[in-house]
Amino acid sequence: MVPNTQLALAQNQELLLASTEQVELVEQLLAIGTALSNSHSLEKLLELILSKSREITCSDAGSLYLIDRNDGIAKLLFKAAQNDSIPQVTFREFAMPITHNSLSGYVALTGESLNLPDAYNLPPEVPYQLDTNFDRDFSYKTRSVLVLPMQNQQGEVIGVLQLINRKVKPDTVVNPENVKHVTQSYSDWEARIVRSLASMAAISIERNHLQESIENLFEGFVTASIQLIEKRDPTTYGHSERVAALSVGLSIEVNSVTSGPLESVYFSARQLQEIRYAALLHDFGEVGVPEALLHRLKKLSPEQLEIVRQRFAVAGRTLELDTAQAKFQYLQNLSQQQRSFAPTRKELVEFDTYLLEAMENLDRLWELLLKINEPESSITREFQALSDEELALWTELSQYQYRDIDGKLKYLVTTQEMAQLMVPRGNLTPEERLAIEAHVTYSYHFLKQIPWTNDLKNIPSIVLSHHEKLDGTGYPQRLKQEQIPIASQILALADIYDALTAGDRPYKDKVSAESAVKILKTAASKNKLNPHLVDLFEQRQVYTVLEQGSV
C-alpha cells in the first residue's frame, strides 16, 4: 500500500510540475502577444516573433518566411534567421518558389504543421526534404525541426515559422558531433503553443501591413494635397516640403538640448511624424481662398489693371474726340460770323496744345499708377512716401473723371481700386489679408474631420496655431506663448524662414540665410518668435537641411 501511495505522490508531483510548466508557458505566450501588439516596425516584429518562439521552445535556431503575392506569382521571402551556435553568420533576404519539395513550401501550400524528430531521416513517401546547403556550408547539423504555418484570422497562410534543434539545455552550443545528445524532439504541447503563437504573429504582421498601407495611403493623400495647393498657387512650389524638412530638423535638434527651457522638450518618433505631416499640410486651407488673391502679385490683379488701362484708353479717345469737336465747333461758329475771315494757325494750334498736354498728363497718371501698383519688394524696406508732385498727381487721379462711351461721367479709378493701390506694404487690403489669413482656419476645419490615430491627433491644433505670435498679435486666435504648442512655434519659425529665403516669389526679393536668421532674431527680440528656438536654429544651422534636398 505504501509503494502505491508513493507512486501516486510521484505521479501527482509530475503532473503538478507539468501543469506549472504549462501555466508558465501560457503566461509567457500572453506576454509575447502583448509585446507583438506593441511592435510597429516589421523588421523588429519578425525578429521578435522568431526569438520568442525559440525562447519558449529552447530552439537553437530558426527562420521565418513571408509569402509575397505582389507580382501575381506567390513566392516565399526569407525574412529572418537566428542561430545561437553560429551567431556570427549573417543572413540576407531572398525569394524562393513555393513548392511541396521544401519544408517551408509544403507548409505554406498545405497549411499543415511539420514536427520532425530528425530532418535527415524522413519517410520515403513524403514529398518534402531538408535543404542541407546551410549545414554543409557552415558545418552545422539540423536534427529536430518544427515548421508551422502563420495563418491570419481568415485561415490564409501568410508566412512560415521554422524552429530548429530543440535543446536539452538552453546554453548548449550545437555542432555535428553532439547534436544527437544535446537536442530532442518538439513535444505536441509545444507544437500547439507555438502554432497559437504563429497565429498571433500572423495577425500582428497583418496589422503591421495594414498600418503600413494606411501610412502609405496617407502619404499619397498628403502628396496629392500638396500638388493641389501648388497647382492653385505655383509661386509656392516646394514650400511645404521645405517647411517640413526645417520643422523636423529643428525638432530633432530640440531633442538633443540638455539645458535651458528646451531641456524638458522631447519628441518621439511618432511626434516627429506628427510635426512632419502638420508642416506638409499647414497651407492646405488655401484651397478655400479665392485664386484671384492667391495669384495676386501686385496691388491690382492683371485683370483689374487691364480694365483700368482700357479706361485710360477710353479717356484718351474721349479727349481726342472732345478736342476735335471743340475745334470743329469753333470753326463752324467762326465761319457763320465772319465768312471771309480765316483763322490763324496759332488759334488752331491752341486746341492741339491742349490735347497734347491733357494726353501727357494722362500718361503721367498712368505711370504713377503703375509705380504705386508695385508692392514693396523687400519686407525690410519701409513704404516710401510720394513726392509733392506725385502726391498732387495722386490726388488728381483719385478725382479724375472721364466721359464713357455711354456718355456718362465715371471715375478713372474706382474707390475699391484706389483702396487697393493705397496699401502701404504688400499687395493686399486689410479685408483681403483677412481672407488670406482664413486659410489657417480652413486648414484646421478640414484636418479636424480626419479620424487621426492617437499619435497623430494633434496635427489640426499644430496647424491652427502656426501663425500665432508669442505676444498675442498673431492669428487666428491671438494666443499667447503659454497657449501655443511648441510644435506650432517650431512650424512658425520654419514657415517664416522659408518665406524669406524662397527664390520663387515674384512679389518679393529673396534674402540670404544669414539675413533671414537676423530677421528671425529681430522677431524673437520683439517677442514674436521663441528666442530659444531661433538661437538653436542658428547655432545648429538647421537651415542646411534644405541643401540635402529631402524631407
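As the structure is a computational prediction, the values presented were derived from the model and not from experiment.
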TODO: Taking the side chain as every heavy atom from C-beta outward, state whether F537 and L529 have any pair of such atoms under 4.5 Å apart.
DONE: no
- [ ] Could you tell me whether a side-chain N or O of R54 sits under 3.5 Å from a main-chain N or O of D60, the two making a donor and an acceptor?
- [x] yes
Open item on the list: Which residue in the set H239, H467, H466 passes side chain to side chain donor-acceptor pair (under 3.5 Å) when paired with H282?
Closed with: H239
Task: Heavy-atom donor-acceptor pair, Q489 side chain to I484 backbone, under 3.5 Å - done: yes
TODO: Answer yes or no: are there more than 12 heavy-atom neighbours, outside E514 itself, under 6.0 Å from its atom CD?
DONE: no
Open item on the list: Treating D68 as the side-chain partner and K75 as the backbone partner, does any N or O pair qualify as donor plus acceptor under 3.5 Å?
Closed with: no
- [ ] Say whether, by atom type as modelled, one donor and one acceptor occur between the side chain of K167 and the main chain of P170 under 3.5 angstrom.
- [x] yes
Task: Distance in Å, L456 CG paired with Y277 OH, rounded so as to fall on 0.5 Å steps - done: 7.0 Å
Open item on the list: Can you tell me how far apart CZ (R192) and OG (S187) are? Round to the nearest 0.5 Å.
Closed with: 8.0 Å
Task: S247 to A494 - nearest heavy-atom pair and separation - done: OG-CB, 3.4 Å
Open item on the list: Treating S144 as the side-chain partner and Q184 as the backbone partner, does any N or O pair qualify as donor plus acceptor under 3.5 Å?
Closed with: yes
Task: Salt-bridge criterion met for E55 and K52 (N-O under 4.0 Å) - done: yes
Open item on the list: Between Q82 and E47 (side chain of the first, backbone of the second, donor and acceptor by atom type, cut-off under 3.5 Å), is there such a pair?
Closed with: yes
Task: Heavy-atom side-chain proximity of L114 to V145 below 4.5 angstrom - done: no
TODO: Flag the pair L246 / L546 as yes when at least one side-chain heavy-atom distance between them is below 4.5 Å, and no otherwise.
DONE: yes
Task: R242 versus T501, side-chain donor and acceptor atoms under 3.5 Å - done: no
Open item on the list: Do L146 and N115 make a side-chain contact, defined as non-hydrogen atoms from C-beta onward lying under 4.5 Å apart?
Closed with: yes
TODO: Say whether Y106 and E112, considering side chains only, have a donor N or O and an acceptor N or O under 3.5 Å apart.
DONE: yes
- [ ] Indicate whether the side chain of T132 and that of Y120 have a donor and an acceptor atom separated by less than 3.5 Å.
- [x] no
- [ ] Before giving the answer on ring-ring contact (aromatic ring centres under 6.0 Å, His included), spell out for F446 and Y442 the whole-Å C-alpha distance, their side-chain angles and the decisive distance to 0.1 Å.
- [x] CA-CA 6 Å; F446 167 75; Y442 296 151; over 10 Å; no
Task: Nearest-0.5 Å distance that lies between atom CD1 in I164 and atom CG in N83 - done: 7.5 Å
Open item on the list: Under a 3.5 Å distance rule, please check whether T183 uses its side chain to pair with a backbone N or O of K180 as donor and acceptor.
Closed with: no
Task: Lys/Arg N to Asp/Glu carboxylate O, K521 vs D535, below 4.0 Å - done: yes
Task: Nearest non-hydrogen partners of V107 and P149, listed with the distance - done: CG1-N, 3.4 Å
Open item on the list: Has D135 got a side-chain atom pairing as donor or acceptor with T142's backbone, closer than 3.5 angstrom?
Closed with: yes
Pairs under 3.5 angstrom only: tabulate donor-acceptor contacts from the side chains of residues 86-102 to other protein residues two or more places apart or in another chain.
{"residue": "E93", "atom": "OE1", "partner": "K79", "partner atom": "NZ", "Å": "2.9"}
{"residue": "T99", "atom": "OG1", "partner": "N101", "partner atom": "N", "Å": "3.3"}
{"residue": "S102", "atom": "OG", "partner": "G105", "partner atom": "N", "Å": "2.9"}

Open item on the list: Just checking Q153: does its CD atom have more than 12 heavy atoms from other residues, nucleotides or ligands closer to it than 6.0 angstrom?
Closed with: no
Open item on the list: Quick check: do L491 and V243 have side-chain heavy atoms less than 4.5 Å from each other?
Closed with: yes
Task: Audit row: F221, I450, side chain to side chain contact (heavy atoms under 4.5 Å, CB included) steps and yes/no - done: CA-CA 12 Å; F221 160 74; I450 298 176; 4.1 Å; yes
Task: Neighbour count >12 (heavy atoms, 6.0 Å) for atom OH, Y140 - done: yes
TODO: Give, for atom CG of D131 and atom CG of L103, the distance between the pair rounded to the nearest 0.5 Å.
DONE: 8.5 Å
Task: Donor-acceptor contact present, side-chain N458 to main-chain E274, <3.5 Å - done: no
- [ ] Compare all side-chain heavy atoms of L493 with those of N530 and state whether any distance is below 4.5 angstrom.
- [x] no
- [ ] Indicate whether the side chain of S465 and that of E468 have a donor and an acceptor atom separated by less than 3.5 Å.
- [x] no
Open item on the list: Restricting to non-hydrogen atoms, name the atom on I56 and the atom on S53 that form the minimum distance, rounded to 0.1 Å.
Closed with: CG1-O, 3.5 Å
TODO: Determine the minimum heavy-atom distance between A191 and L148, stating which atoms define it.
DONE: O-CD2, 4.0 Å
Task: Exercise: identify the closest heavy-atom pair between V160 and A108 - done: CG2-CB, 3.8 Å
Task: Side-chain touch V517/Y543, heavy atoms, less than 4.5 angstrom - done: yes
Task: Spacing of CG belonging to L122 relative to CD belonging to Q129, to within rounding of 0.5 Å - done: 8.5 Å
- [ ] Taking N165 for its side chain and V182 for its backbone only, find out whether a donor-acceptor pair lies under 3.5 Å.
- [x] no
Task: L66 and L46, any side-chain heavy atoms less than 4.5 Å apart - done: yes
Task: Taking every non-hydrogen atom, the tightest pair across I67 and A74 - done: CG2-CB, 4.4 Å
Task: Euclidean distance, Y186 OH relative to T57 OG1, rounded to 0.5 Å - done: 5.0 Å
Open item on the list: Checking V545 against L250 for the side chain to side chain contact (heavy atoms under 4.5 Å, CB included) test, could you report, in this order, the C-alpha distance in whole Å, the side-chain angles of both residues, the deciding distance, and whether it holds?
Closed with: CA-CA 10 Å; V545 301; L250 181 55; over 6 Å; no
- [ ] Decide yes or no on side chain to side chain contact (heavy atoms under 4.5 Å, CB included) for I49 and M150, but give the supporting numbers first.
- [x] CA-CA 11 Å; I49 293 169; M150 301 174 68; 4.3 Å; yes
Open item on the list: Test side chain to side chain contact (heavy atoms under 4.5 Å, CB included) on L536 and V542; report intermediate values, then the result.
Closed with: CA-CA 8 Å; L536 187 65; V542 175; 5.7 Å; no
